[in-house]
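Below you'll find the structure, written out as structure tokens, and then a few comments.
The figures that follow rest on heavy atoms only: side chains count, while hydrogens, waters and symmetry mates do not.
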Amino acid sequence: MRLDVVTLFPDLVKRISEFGVTGRAVENGLVDLRTWNPRDYAGDRHRTVDDRPYGGGPGMVMKVEPLRDAIRDAKASEDLQREVVFLSPQGEAFTQDLAKEFVATPGLVLVAGRYEGVDERLVEMEVDREVSLGDFVISGGEIAALAIIDAVTRLLPGALGDDDSAAEDSFMHGLLDFPHYTRPEIVDGKRVPEVLLNGNHEAIRRWRLKHALGRTWLRRPDLIKMDLLDQEQKMLLEEFIAEQSSD
């Protein structure tokens, strides 16, 4: 998969290729990660990429031309139909479903803004969609770009040591993840649930599904769509709720 990032801080973005899942994916040729610095496209000796906003106000706004030219070069560098994604607080929320949508494409051009924002004409001219990590503000789009790169990379076949790991992740089936345990069996008097020790794979599957449903119901009830749950899921959720009530 080809991933291009338009950023004023290319070294920050490139560091993700040195660590963990993304690092291995780059090393193994599953991901081709490249960066494009708008300063390289600035037309003056100071490599200026921002200016004061029309209408007044604090901060600086990123200029159209350096960003536009960097985006166009990124798109032209590979004969692939790729979406240009601008990381913006005004964008649609980034979700696991969107990560799955992205991984089904040949690649992305991620645009990381800085300062007070970017000239709106750049968005109108060059951007296919805007994406946000959530309802908060960070200093630039690089962190959002890194999050998207990591989320998308781990869905690529062969990126994880066990491809089932991605299928078990939170949100992959619209639910939060179930609780996990490892050795030792007892820590400070707290035991691993007995069902996970008996080797009954069907019982383990049902326990994990029940607790994924229950954890989602407790912590993110907005994700539970009762009319979309099958009969087993509804029964397991009812069991979980009843157990919570009795406790």
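- Listed here is the closest heavy atom pair of G140 and R114: CA-NE, 3.6 Å.
- Although no hydrogens or angles enter the test, the distance criterion places no donor-acceptor pair under 3.5 Å between the side chain of R206 and the main chain of L236.
- The aromatic rings of F102 and F94 sit parallel, their planes meeting at an angle under 30°, below the 60° perpendicular limit.
- One finds the OG1 atom of T153 at 8.5 Å from the CG atom of L30 (value rounded to the nearest 0.5 Å).
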request  = May I have the step-by-step check of side chain to side chain contact (heavy atoms under 4.5 Å, CB included) for T105 and M1, ending in yes or no?
outcome  = CA-CA 8 Å; T105 69; M1 187 175 188; 3.8 Å; yes
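- Side chains of E78 and D4 form no contact here, defined as non-hydrogen atoms less than 4.5 Å apart.
- Rounded to the nearest 0.5 angstrom, E194 CD and N200 CG are separated by 11.5 Å.
- How far CG of L223 is from NZ of K225: 6.0 Å, rounded to the nearest 0.5 Å.
- Between R15 and E18, at least one side-chain N (NZ, or NE/NH1/NH2) sits under 4.0 Å from a carboxylate O, which counts as a salt bridge.
- Residues K100 and D97 are paired through a salt bridge, judged by an N-O separation under 4.0 Å between the basic side chain and the carboxylate.
- Judged by distance alone, the side chain of R82 and the main-chain N or O of G107 form no donor-acceptor pair under 3.5 Å.
- Between D177 and R208 there is no salt bridge, since no side-chain N of the basic residue sits under 4.0 Å from a carboxylate O of the acidic one.
- At a threshold of 4.0 Å, the pair D222-R220 counts as salt-bridged, since one of the basic side-chain nitrogens sits closer than that to a carboxylate oxygen.
- In this structure a side-chain-to-backbone donor-acceptor pair under 3.5 Å is present from D128 to V84.
- Under a 4.0 Å N-O distance rule, the pair E65/R68 does not qualify as a salt bridge.
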